[in-house]
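Contents: one structure, followed by commentary.
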Amino acid sequence: MTRIEDPPTAEDQKPEDIVEAAGMPVGSGNMKPEYDIRLANEDLAPLRKQKWTSYNIFAFWMSDVHSVGGYVTAGSLFALGIASWQVLLALLIGIVIVQVFTNLVAKPSQKTGVPYPVINRAIYGIKGANIPAIIRGLIAIAWYGVQTFLAAESLNIIFLKFWPGSAALLEVGFLGLSALGWISYAILWFAQAALFWNGMESIRKFIDWAGPAVYVVMIVLAGYLVSQAGWENISLDLSAGEPLEFWASIPVMITAIAIVVSYFSGPMLNFGDFARYGKSFAAVRKGNFWGLPINFLFFSLLTVITASATVPVFGELITDPIHTVERIDTPFAILLGGLTFVTATVGINIVANFISPAFDFSNVAPHKISWRTGGMIAAVGSVILLPWNWYSNADAIHYTLGVLGAMIGPLFGILIAGYYVAAKQRILVDDMFTMSEKGTYWYTKGYNKNAVYTMLGAGIPTVLAGVLPKLIADLGGFDISWLGNYTWFIGCGLGYVLFVLLERSNPQVPSLDDLTAGVSDGTVEVAGGTIQLQPAAAE
């Protein structure tokens, strides 16, 4: 066999081919000579050093929670017609569920030092891992455009307040967006791209600062409105009608729990992209505790107090923070509030919808698509989708993002079953970077047929559960559209059970019980399990 026919490896790379690992210094990724460059680059290879502390993880969740979408979601839960204590209980149960499952998905990536799409190679197969990567990447592209559009709306308010002449730009536009809207969208698009391009360390520094900064402004906003309204006029119940009786309120509480879990389902699925940087799994767990139940409950209380104060102050309930700031109508408030919610939305967009597709698309062709290139594919794709045209169309969202979103549950169930049950938390790290047919995770032509069958067996019913009830109701049939609130639980449960059953009847994922060398063992309480990393490259 000639050299040309040999599979390309890291040794075949030229100096100019070596890129910074997700914005980290060259050499941060443990690119071993035997790694096939069709599967590895500095972005996807295991990290040599994992430095993130519990505060960095806490700040990540602050950025994820502090957004216009998070504000509206939290406020809407207090308007469901149930008592405030029931809402708080539902919030607590929902966010604890998120915390538990986030810890589960964090462990394999923290222990191996690889991002979400790479750890899936051990479950779906070397090639099969592209299935969950592409699904998650497409969801992120769509929501990246939506979040940028929402942030642009905040920027529009600033322009209109300080440059009244810019109102003329609202009268002209193209492709469904006004000229002013395009200007604001472009400013934020380039700002986010610049932050992303500077790499993971710059992003970490940004979210470390942005989360607390948003809190300071939100507390000031709440304090101002409460001082204007009077504390005696503040209520944690935002519903307009009579409160539901206890037994009638139970299904509503369950729905509220499901809404909380569904809201976090996207970043929860690919949380491994961030957990891989954690200096220890204990640090990640601690960050998740402060960033999820503590942070989310405080944010929700702050949200409902602010929204409640808008009733006596403005004469109507306003659950959109952008409109709240706009109604205050003072230059300083509009500037500070507008920039704050721009910052908050940029934060969630970067952590939830930029970094995920960056790793996901890089995983498809690592030797051609770097982390940065993958992220820019998502950024350009978000503009091509023209999110402002379909975001306000409930049917368009339901039949597009609804279908993709319904797949998150099965993807989660398969990953958890694969890592904790089938693999027993033991991963042969180097074999996730080889195309050899003798490799541990080659399975059948690069695909684990059990994972593919489970994806179909769990995915199809889950998508139907999310799509058909609304379609039937729209056609005049019976209304069980409430079922759509539970697609994550349905998909996760089906994915977990089906994969476990298939693996027990026809095992594919190796448990590696008789192997120790090169194995990352999730039961070992040290960073990186038991893998032995090469020395860092000389500087």
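From a predicted model like this one, the values you see are computed outputs, not experimental measurements.
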Any side-chain heavy-atom pair of [X] and [Y] under 4.5 Å:
{"X": "W290", "Y": "N295", "result": "no"}
{"X": "Y420", "Y": "P108", "result": "yes"}
{"X": "Y35", "Y": "T434", "result": "no"}
{"X": "L91", "Y": "I257", "result": "no"}
{"X": "D208", "Y": "M62", "result": "no"}
{"X": "M253", "Y": "Q86", "result": "yes"}
{"X": "F264", "Y": "V65", "result": "yes"}
{"X": "Y496", "Y": "I414", "result": "no"}

For the pair [X] (side chain) and [Y] (backbone), establish whether a donor and an acceptor sit closer than 3.5 Å, ignoring hydrogens and angles.
{"X": "E503", "Y": "V509", "result": "yes"}
{"X": "Y441", "Y": "L428", "result": "yes"}
{"X": "S505", "Y": "L502", "result": "yes"}
{"X": "S109", "Y": "V114", "result": "yes"}
{"X": "K107", "Y": "G522", "result": "yes"}
{"X": "Y419", "Y": "V105", "result": "no"}
{"X": "T487", "Y": "G466", "result": "no"}
{"X": "S362", "Y": "I369", "result": "yes"}
{"X": "Q50", "Y": "R276", "result": "yes"}
{"X": "N288", "Y": "Q99", "result": "no"}

Do we see a donor-acceptor contact under 3.5 Å between the side chains of [X] and [Y]?
{"X": "Y486", "Y": "T255", "result": "yes"}
{"X": "S370", "Y": "N41", "result": "no"}
{"X": "N56", "Y": "T53", "result": "yes"}
{"X": "N506", "Y": "N450", "result": "no"}
{"X": "D521", "Y": "Q425", "result": "no"}

Looking only at the aromatic ring of each residue, does the gap between the centers of [Y] and [X] stay below 6.0 angstrom?
{"X": "Y124", "Y": "Y447", "answer": "no"}
{"X": "Y116", "Y": "F271", "answer": "no"}
{"X": "F354", "Y": "W371", "answer": "no"}

Given the rule in the side chain to side chain contact (heavy atoms under 4.5 Å, CB included) test, do M268 and F412 qualify, once you have shown the distances and angles that lead to the verdict?
-> CA-CA 9 Å; M268 183 167 61; F412 198 99; 3.9 Å; yes
Looking at every non-hydrogen atom in both residues, tell me the closest pair between [X] and [Y] and how far apart they are.
{"X": "P117", "Y": "A133", "answer": "CB-CB, 4.0 Å"}
{"X": "T343", "Y": "A210", "answer": "CG2-CB, 3.9 Å"}
{"X": "I123", "Y": "Y443", "answer": "O-CE1, 4.2 Å"}
{"X": "F499", "Y": "A417", "answer": "CD2-CB, 3.8 Å"}
{"X": "L494", "Y": "A458", "answer": "CB-CB, 3.7 Å"}
{"X": "L297", "Y": "L88", "answer": "CD2-O, 4.2 Å"}

Of the options D273, L44, L39, D43, which is the one that meets V118 in a side chain to side chain contact (heavy atoms under 4.5 Å, CB included)?
->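 Of D273, L44, L39, D43, side chain to side chain contact (heavy atoms under 4.5 Å, CB included) with V118 is met by L44 alone.
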Dump the intermediate steps for side chain to side chain contact (heavy atoms under 4.5 Å, CB included) on I348 and S63, then the final yes or no.
-> CA-CA 5 Å; I348 187 176; S63 291; 5.8 Å; no
Distance (rounded to the nearest 0.5 Å) between [X] [atom1] and [Y] [atom2]:
{"X": "E34", "Y": "D431", "atom1": "CD", "atom2": "CG", "answer": "10.0 Å"}
{"X": "K127", "Y": "R38", "atom1": "NZ", "atom2": "CZ", "answer": "8.5 Å"}
{"X": "L483", "Y": "I472", "atom1": "CG", "atom2": "CD1", "answer": "10.0 Å"}
{"X": "D430", "Y": "T112", "atom1": "CG", "atom2": "OG1", "answer": "11.5 Å"}
{"X": "L512", "Y": "I427", "atom1": "CG", "atom2": "CD1", "answer": "7.0 Å"}
{"X": "N198", "Y": "F196", "atom1": "CG", "atom2": "CZ", "answer": "10.5 Å"}

N-O pairing of D360 and R136 below 4.0 Å | no
Does R204 make a cation-pi contact with F274, if we ask for NZ or CZ under 6.0 Å from the ring centre and within 45° of the axis?
->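 Pair R204/F274 does not count as cation-pi.
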Check step by step if ring-ring contact (aromatic ring centres under 6.0 Å, His included) holds for F101 and W488.
-> CA-CA 12 Å; F101 281 99; W488 186 89; 5.3 Å; yes
Given F433 and M31, is the side chain to side chain contact (heavy atoms under 4.5 Å, CB included) satisfied, shown in steps?
-> CA-CA 10 Å; F433 297 94; M31 280 287 289; over 6 Å; no
Test side chain to side chain contact (heavy atoms under 4.5 Å, CB included) on K51 and Y277 and set out the steps.
-> CA-CA 6 Å; K51 301 179 180 179; Y277 297 99; over 6 Å; no
Across all chains, not counting sequence neighbours, the salt bridge (Lys or Arg N to Asp or Glu O under 4.0 Å) partners of D513 are K424
